[in-house]
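Only one structure is covered here, and it is reproduced in the block below.
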Amino acid sequence: MPSDIRVRIAPSPTGPLHIGTARTALFNYLFARRVGGTFILRLEDTDVARSTAAFERDILDGLHWLGITWDEGPGVAGLEEAGPYAPYRQMLRLDSYAAAAERLLADDAAYRCYCTAEELDADRREREAAKLPPAYSGRCANLTPGERAAREAEGRTAAVRFRVRKGVVGWNDLVRDRVEIDTANLGGDFVIVRGDGTPLYHFTVVVDDAAMQISHVIRGEEHVSNTPKHILLFEALGYEVPVFAHLPLILNPDGSKMSKRKSQTAVADYIAQGFTREALVNYFAFLGWSPGTEEDVMDLATLEQRFELDKVQKGGARFDRERLEWLNGQWIRRLADDDLVARLLPFTEAAAAAGVIDRAPAEDELTALLPMVRERLSTLASITDVVGFLWRGLTPDPATLVPKRWDAATALTGLTAARDVLAAHDPVTWEADELEPPLRALVEARGWKAGDLFMAVRMAVTGQAATPPLFDVLVALGRERALARLDAAIAALAAAA
RNA sequence: GCCCCCAUCGUCUAGAGGCCUAGGACGCCGCCCUUUCAAGGCGGAGAUCACCGGUUCGAAUCCGGUUGGGGGUACCA
């Protein structure tokens, strides 16, 4: 059944998709899906100096990548734009802001302000010196027609200021209950249209939310203090005030508001590092919300059914990368084989292009490796940490070829004996189950510890002390390469002796 | 400075007056499994529920104050 609940995410294309924006988008999306409402995406691009098409692309692509879809706005169903309230880009809606500003001016709910940046600056310094909170002086609030004409004759441009009425503005916030703020603390009449005619955020957000019939404004806590301005504007324009819900912020590990300086904030960076959309969505959803049960791994479809705004936390949540990595491992382990391989391929290809490995493995090669790599991946990119030795050359290092409990001479005899056993092994049965018994027999015959011999062989064929199970590794390497690496290790050890 | 908000293990959280000698998860530490590394299983340390006062037979849960933290204070969004 269709609902008249309408929510939106209104990103500003002044930077790449930020984790905070993604999380707010997710909560709006989940709320809309849960209640059968409509989710809208609107681009707030009125900061022309900082907005770019590339950032816009990054934001839309990033949200889609996460699996978040919207019903109206740019990029719906592959279209440039779709929805009954188009356009969904603020720079294309300038007429409506101008009309709304005219209405406010006509009602004397707003007035033209001719103050220069210098005057405003001086005011601010003066109030600062007097230890007063910054606020507009009201210099242009009651200009006579003559005074106005004089300023215009001077060639001054006029910004439009909204008259802030005295009193208390309050609302019933869906996550923090009743909030009330005295308008005396708003800093005086505020600018809604710049001197150059472009509208400001506080104004456009209200005009658009009203025009697009937004019923619930779900946004970050940083907007709590701005909400009275918005409510005043809704009222002055004669619009119904939407319901507000302010989400807790995502914090840096030190507890401050998440920032690029202290944290990795771009969703694209997480994608590039091999985090899965499932893990990211799962993690974001549980940052500030919980189902009230002891479940902690949950997919998008389930979240859509379970999400509830009143279970949202009030306090900010610190970003915990270790927990994200754990969740990522959980999701990697749950992916179907072909899906995992398809997601791994771009990472091995990128590693090859970057020279981290010499060649990128083929699809079926990766598929065959899955059983031994799957539970060892914390990120998709870590595939090269786990089995990168398969795709790059190896230079034996005599110093690392000797296991802890052995000396160089023992390592040399051990590796030589192991090599001979493996070389004598029937090439047709070069399989993990077949290779293990003869080497175990060798260990038995010589009175060694299996772990020591295996470690020496492991270092010789992989160059790493931590790898997937040795016999799987020998099989993945193939007989020729395994023997060649053993030969090289033996030679290096002999040369060093 | 002023305004607003918040406050349970290091972190994310469960908890909506008696079920709490506060539960789960990440991380950490042991043990098991084991050729290393993971994964998995089992166990452990870790929170006098920020503090102080109330209300109540009874408070992590309600009220007030204090402290601490965060956000906001633009012709940015």
Side-chain angles (χ1 to χ4, degrees), chain A residues 10-15 21 44-47 49-51 113 115-117 120 124 127-128 131-136 157-161 173 176 179-182 184-187 190-196 198-202 204-205 220-228 246 248-249 251 253 255-257 283 286-297 310-311 313-327 329 333 372-378 385-386 403 436 439-440 443 449-455 457-459 462 464-471 473:
Chain A
S12 175
T14 53
T21 307
E44 309 221 320
D45 55 358
T46 53
D47 185 348
R50 296 192 298 145
S51 294
C113 169
C115 294
T116 61
L120 260 16
R124 189 172 47 72
R127 292 192 58 98
E128 205 170 302
K131 291 195 193 293
L132 288 167
Y136 178 58
T157 56
V160 178
R161 268 184 203 275
D173 197 286
R176 44 206 79 218
V179 181
E180 293 187 335
I181 295 175
D182 192 317
N185 299 305
L186 260 32
F190 58 92
V191 175
I192 56 176
V193 179
R194 293 185 181 89
D196 67 4
T198 56
L200 255 18
Y201 168 74
H202 294 309
T204 58
V205 73
E221 187 195 321
E222 72 266 31
H223 288 293
V224 170
S225 310
N226 295 326
T227 303
H246 289 93
L249 261 22
L251 274 18
S256 55
K257 183 183 178 182
Y283 184 70
F286 279 66
L287 255 194
W289 175 83
S290 102
T293 63
E294 289 183 348
E295 300 156 283
D296 39 35
V297 180
D310 47 358
K311 280 197 156 69
Q313 209 78 11
K314 291 191 183 75
R318 299 174 200 232
F319 192 85
D320 181 356
R321 194 186 165 98
E322 302 214 60
R323 196 179 169 82
L324 206 211
E325 286 185 8
W326 171 78
L327 263 178
R333 271 165 245 140
M372 72 164 111
V373 301
R374 172 167 235 135
E375 71 241 25
R376 276 165 254 265
L377 296 173
S378 60
D385 296 332
V386 179
E436 186 165 353
L439 276 193
R440 291 240 176 229
V443 163
K449 283 190 179 296
D452 292 332
L453 205 234
F454 293 176
M455 183 52 84
V457 175
R458 171 179 291 110
M459 288 304 309
T462 70
Q464 297 171 197
T467 70
L470 181 60
F471 299 98
V473 165

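Values below: every heavy atom of this structure, side chains too, minus hydrogens, waters and symmetry copies. Predicted model only: the values in this text are computed from it and were never measured. Labels below follow one simple rule: chain letters A, B, ... track the order of the sequence lines, proteins then strands, and each chain is numbered from 1.
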Exercise. Do A/Asn226 and A/Phe190 pass the side-chain contact (heavy atoms from CB on, under 4.5 Å) test, and can you show the C-alpha distance, the side-chain angles, and the key distance before you say yes or no?
Worked result: CA-CA 11 Å; A/Asn226 295 326; A/Phe190 58 92; over 6 Å; no
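Contact annotation: the side chain of A/Leu251 never approaches that of A/Ser256 to less than 4.5 Å [non-hydrogen atoms, C-beta and beyond]. Annotation: side chain of A/Leu200 is not in contact with side chain of A/Ile192 (no heavy-atom distance under 4.5 Å). Side-chain contact between A/Arg127 and A/Pro133 is present, with at least one heavy-atom pair separated by less than 4.5 Å. Side-chain atoms of A/Val179 and A/Thr227, non-hydrogen and from C-beta on, never get closer than 4.5 Å to each other. Between A/Val191 and A/Cys113, every side-chain heavy-atom pair lies at or beyond the 4.5 Å cut-off.
A/Ser290 OG to A/Glu295 CD: the interatomic distance, rounded to the nearest 0.5 Å, is 9.5 Å. The distance from the CE atom of A/Met372 to the OG1 atom of A/Thr467 is 9.0 Å, given to the nearest 0.5 Å. Between A/His246 atom NE2 and A/Glu221 atom CD the span is 9.0 Å, to the nearest 0.5 Å.
In a base pair of the Watson-Crick type (N1 to N3 plus N6-O4 or O6-N4) or a G-U wobble (N1-O2 and O6-N3), with each distance short of 3.5 Å, B/U73 is matched with B/G1. Nucleotide B/A22 forms no Watson-Crick or G-U wobble pair with any nucleotide shown, as no partner meets the under 3.5 Å limit on both distances. The partner of B/U67, taking Watson-Crick or G-U wobble pairs whose two distances both stay under 3.5 Å, is B/A7. Here B/C62 sits opposite B/G54 as a Watson-Crick or G-U wobble pair (both hydrogen-bonding atom distances under 3.5 Å).
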In B/S/- notation (B base, S sugar-phosphate only, - none; protein heavy atoms under 4.0 Å), nucleotides 63-77 of chain B written 5' to 3' is -------BBSSSBBB
A correct 5'-to-3' footprint of nucleotides 16-28 of chain B, with B, S and - meaning base, sugar-phosphate only and no protein heavy atom under 4.0 Å, is -------SSBSS-
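Taking atom P on both nucleotides, B/G30 is separated from B/U66 by 46 Å, rounded to a whole Å. Nucleotides B/G17 and B/U56, compared at atom C1', are 9 Å apart to the nearest Å. B/C49 sits 4 Å from B/A60 when the C1' atoms are compared, rounded to a whole Å. Nucleotides B/A50 and B/G44, compared at atom C1', are 27 Å apart to the nearest Å. With both ends at atom P, the span from B/A22 to B/C51 equals 15 Å, rounded to whole Å. Only the P atoms considered, B/G65 is 14 Å distant from B/C3, to the nearest whole Å. If you take atom C1' in B/U21 and the same atom in B/C63, they sit 27 Å apart, rounded to whole Å. B/C76 and B/A14: their P atoms are spaced 39 Å apart (whole Å).
Among the protein residues, A/Gln464 comes within range of no part of the nucleic acid, since none of its heavy atoms lies under 4.0 Å from any strand. Residue-level contact check: A/Gln313 touches the backbone only, with heavy atoms under 4.0 Å from sugar-phosphate atoms and none from bases. A/Gly288 comes within 4.0 angstrom of sugar-phosphate atoms only, judged by non-hydrogen atoms across all strands, and of no base.
Using a cutoff of 4.0 Å between basic side-chain nitrogens and carboxylate oxygens, A/Lys449 and A/Asp452 are not scored as salt-bridged.
With hydrogens and angles left out, the side-chain atoms of A/Arg458 and A/Thr462 include no donor and acceptor closer than 3.5 Å.
As a whole-Å value, the separation of A/Glu325 CD from B/A39 C1' is 16 Å.
Judged by atom type and distance alone, A/Arg376 reaches the base of B/C37 through a side-chain donor-acceptor pair under 3.5 Å.
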N/O contacts under 3.5 Å, protein versus nucleotides 31-35 of chain B?
unit_1: B/U35; atom_1: OP1; unit_2: A/Arg440; atom_2: NH2; d: 2.5
unit_1: B/U35; atom_1: O2; unit_2: A/Arg458; atom_2: NH2; d: 2.3
unit_1: B/U35; atom_1: N3; unit_2: A/Leu470; atom_2: N; d: 3.3

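Both tests do not hold together for A/Arg323 against A/Tyr283: distance to the six-membered ring centre under 6.0 Å, angle to the ring axis within 45°.
Minimum heavy-atom separation, A/Val224 to A/Ile181: O-CD1, 4.1 Å.
The residue among A/Leu377 and A/Pro248 whose nearest nucleotide of RNA chain B is located toward the 5' end is A/Pro248.
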